[in-house]
Chemist: 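If you scroll down you'll find the structure; I have some questions about it.
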Amino acid sequence: MTTPFPFTAVVGQDDLRLALLLNAVSPAVGGVLVRGEKGTAKSTAVRALSALLPEVPVVPGCRFSCDPSAPDPGCPDGPHESGGGTARPARMVELPVGASEDRLVGALDIERALAEGVKAFEPGLLADAHRGILYVDEVNLLHDHLVDLLLDAAAMGSSHVEREGVSVRHAARFLLVGTMNPEEGELRPQLLDRFGLTVEVAASREPDQRVEVVRRRLAHDDDPAAFAARWADEEAAVRARITAARELLPQVRLGDGALRQIAATCAAFEVDGMRADIVMARTATALAAWAGRTEVLAEDVRQAALLALPHRRRRNPFDAPGLDEDKLDETLERFSGEDEGDDDPGPDGPGGGGGGGQPPSEGPGGGDTGARPEAGEDGEPQPSGAGAGEQSAVRAAEPFRTKVLSVPGLGEGAAGRRSRARTEHGRTTGARRPRGALTKLHLAATVRAAAPHQRARGRSGPGLVVRRDDLRQATREGREGNLVLFVVDASGSMAARQRMSAVKGAVLSLLLDAYQRRDKVGLVTFRGSGADVALPPTSSVDAAAARLESLPTGGRTPLAAGLLKAHEVLRVERLRDPARRPLVVVVTDGRATGGPEPVALAGRAARLFAAGGVASVVVDCEAGPVRLGLAGRLAGDLGGTAVTLDELRADSIAGLVKDVQGNRRAA
């Protein structure tokens, strides 16, 4: 067994260590989400925490870690007699990103359940994590169906397994800790809200601190046991402090003044629902207990807000988490007294018409602040012609809800919400023999397969004699996520008519749609003399939005180069992720300039996509009273369809929702 890195030996990362320790003192706080760049000790600190937790009393032989003083009456291994019990170390269970549903919630022996009518249940990771820590590294990459199961367990404190009329329930209360790199994609809002606290971590820029990090890491790697022994006293001291804080916690008083500050702060920052208030109250109480006090002070409320609110005030995935500390201090100061009746927040308090709480779009880069004025404030004529020079980047117009663009046919890619696919979840469409382990039983097909053989198998009782060969796997149809590759024209012809703000707004809207549908996204831009991969395929729509925001314009229109670059990106990505089907979105006015025969070359490049059966759509950005229809011609070469910026809007009355198959009629 490997010796973990000591928790007290972690250099810096004060917020991360405090958030983990507060959850150790009061698991009711609700867990921690750790966001930050790679290599910042996120996983090291989380794994080290389990060694500091007090031992857990359990019923001997119970696979579900029942508390002997209050055993679960519905435990599958029960009933248990109260009293007695043994102690074991607290567990930290890791949930792999690629885990199956059965591995998470447990599995029933379907064959025995049908033939014998018994609940032969093999516990999963949720049972192992009960009364311990459930740790998910790269939690933002967790599949949707596992996220749904986690949400259910976190909300109810129990796990339910239902298989064709056979039901098993067991307790599943755990400390949920997740780590993630935001560059690889964001979390669904529902799961984000389930984490009590969040912290942002980054590597120190202080040379002395970085030297100490390297020195300790090398010392641990050379001799883990000796390094751990050097920190044993510090570890024991923290462990004793956690135990003392747990004992003190029930005596901590959360006064009316502190409660008013908590409520006023949540109202001022316009967080959704009441979970934030409850988490802040529990966190402030844990902070007081950790400090050895029995009274919650304003400083506890302030620290609780900094840990519990940043991830709850986001309105879309492009809002950076964070909190305006000046505004926080102002709110706490205003509600600092318990008897200040004149400052009762009421409906017109900090979150109401007084203007105390602004929407999260305030501040740098938020919402549409300045977007439309910047797009149209330059009244001077823009440089025209193919040789126009580079112009500074403009900000995107306000995003809107887009129509659904989907890939035709039936795929087998990663679970998502865009295109039809064969998946493990969804509506049942048929049955087949299982390939490997049986995961979703098709009961009717299994009974039909077993029925003709009952006499030969000597059936004499009411049970059905079922063999392995009789079992049938249900085939299901759901939705998959796709690779949405944006090919954006950033040439002078787009900027000359001051359309880039609207174009960026449209692409930003499609990126929001891709985020909601769990797609991967990539960004290719073309302008001047060639094309660039501004963003290789990634799950981070935040990164794509940032690259889009800083995109300059100007120069000629090398349309063929952009299409060829996109074709190369798809070729490489197909080798990495062959099951994920692509959707190419070309954003252009259809013009092609530069080099010999640019239009013909662009047509030949476009036909490569049609020959490969790649689904595509052209967002036609042509403006003005006279339209050349070049984008429509490009869509025909691609084998896709063209939509205008207006038709892209979900609330547009310009026609029915268009399938990207478009002009690709049955030949």
Side-chain angles (χ1 to χ4, degrees), residues 37-39 95-100 136-147 179-187 317 405-424 435-436 478-488 507 510-511 513-526 530-548 561-586 605 608-617 638 640 660:
E37 59 197 23
K38 51 187 176 294
L95 171 61
V97 168
S100 66
V136 190
D137 194 13
E138 305 295 349
V139 64
N140 51 323
L141 304 182
L142 200 63
H143 288 172
D144 273 3
H145 66 283
L146 297 182
V147 170
T179 57
M180 60 175 283
N181 183 348
E183 294 178 356
E184 297 173 340
E186 282 292 347
L187 274 177
L405 305 176
S406 60
V407 178
L410 196 63
E412 295 182 341
R417 295 190 181 89
R418 183 170 296 279
S419 305
R420 294 174 55 223
R422 298 182 187 90
T423 63
E424 289 295 319
R435 303 182 192 123
R479 292 279 169 177
E480 67 176 359
N482 299 110
L483 166 60
V484 182
L485 182 61
F486 294 93
V487 185
V488 180
V507 177
L510 289 166
L511 283 171
D513 183 66
Y515 165 77
Q516 293 164 351
R517 299 186 187 280
R518 310 297 286 175
D519 295 316
K520 291 179 71 173
V521 296
L523 179 62
V524 172
T525 63
F526 58 95
D532 296 306
V533 181
L535 183 72
T538 175
S539 297
S540 175
V541 294
D542 286 21
R547 303 292 171 86
L548 178 73
L563 294 174
L564 291 174
K565 181 68 72 173
H567 191 270
E568 175 64 16
V569 170
L570 292 185
R571 185 190 68 81
V572 174
E573 191 64 19
R574 193 175 291 116
L575 297 175
R576 294 174 178 166
D577 192 357
R580 191 181 290 268
R581 298 188 295 162
L583 171 62
V584 176
V585 180
V586 185
L608 290 175
F609 292 86
V614 177
S616 59
V617 61
L638 286 166
V660 296

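Just so you know, these numbers use all the heavy atoms, side chains as well, and skip hydrogens, waters and symmetry mates.
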Chemist: If the threshold is 4.0 Å, N to carboxylate O, is there a salt bridge linking Lys520 and Glu573?
Modeler: yes

Chemist: For Ala615 and Val407, work out which heavy atoms get closest and say how close.
Modeler: CB-CG1, 3.9 Å

Chemist: When rounded to the nearest 0.5 angstrom, what is the spacing between CZ in Arg479 and OG in Ser419?
Modeler: 7.0 Å

Chemist: Looking at Arg580 and Asp519, does any basic side-chain N land under 4.0 Å from a carboxylate oxygen?
Modeler: no

Chemist: Where do Val524 and Leu485 land on the side-chain contact (heavy atoms from CB on, under 4.5 Å) test, with the steps shown first?
Modeler: CA-CA 7 Å; Val524 172; Leu485 182 61; 4.1 Å; yes

Chemist: Does Leu608 form a side-chain contact (heavy atoms from CB on, under 4.5 Å) with Val614? I'd like the steps, not just the answer.
Modeler: CA-CA 9 Å; Leu608 290 175; Val614 177; over 6 Å; no

Chemist: Pair Val585, Leu510 - check side-chain contact (heavy atoms from CB on, under 4.5 Å), show working.
Modeler: CA-CA 9 Å; Val585 180; Leu510 289 166; 4.0 Å; yes

Chemist: Any chance you could measure Phe609, atom CZ, to Leu638, atom CG, to the nearest 0.5 Å?
Modeler: 6.5 Å

Chemist: Between Val487 and Ala566, which heavy-atom pair has the shortest distance, and what is it?
Modeler: CG2-CB, 3.6 Å

Chemist: I need the Asn482 CG to Arg581 CZ distance, nearest 0.5 Å.
Modeler: 6.0 Å

Chemist: Find out whether Leu523 and Val488 are in side-chain contact, i.e. whether some heavy atom of one side chain is under 4.5 Å from a heavy atom of the other.
Modeler: yes

Chemist: Applying side chain to side chain donor-acceptor pair (under 3.5 Å) to Thr179 and Asp137, what does each step give before you reach the verdict?
Modeler: CA-CA 5 Å; Thr179 57; Asp137 194 13; 2.6 Å; yes

Chemist: Evaluate Asp532 against Lys565 for side-chain contact (heavy atoms from CB on, under 4.5 Å), listing each step before the verdict.
Modeler: CA-CA 7 Å; Asp532 296 306; Lys565 181 68 72 173; over 6 Å; no

Chemist: Would you call Arg418-Glu480 a salt bridge at under 4.0 Å N-O?
Modeler: no

Chemist: Please report the closest heavy-atom contact between Leu535 and Ser540, naming both atoms and the distance.
Modeler: CD2-O, 4.3 Å

Chemist: For a quick test of reading the model, state the closest non-hydrogen atom pair linking Leu570 to Val584 and the distance between them.
Modeler: CD1-CG2, 3.7 Å

Chemist: Could you measure the distance from the CZ atom of Arg517 to the CG atom of Leu405? Nearest 0.5 Å is fine.
Modeler: 8.5 Å

Chemist: Between atom CZ of Arg417 and atom CZ of Arg518, what is the distance when rounded to the nearest 0.5 Å?
Modeler: 6.5 Å

Chemist: Give the minimum heavy-atom separation between Leu511 and Ala544, together with the two atoms involved.
Modeler: CD2-CB, 3.7 Å

Chemist: Specify the closest pair of heavy atoms between Thr525 and Ala534, including all atoms of both residues, with the distance to one decimal.
Modeler: CG2-CB, 4.2 Å

Chemist: With rounding to the nearest 0.5 angstrom, report the CG to CG distance, Leu483 to Leu583.
Modeler: 8.5 Å

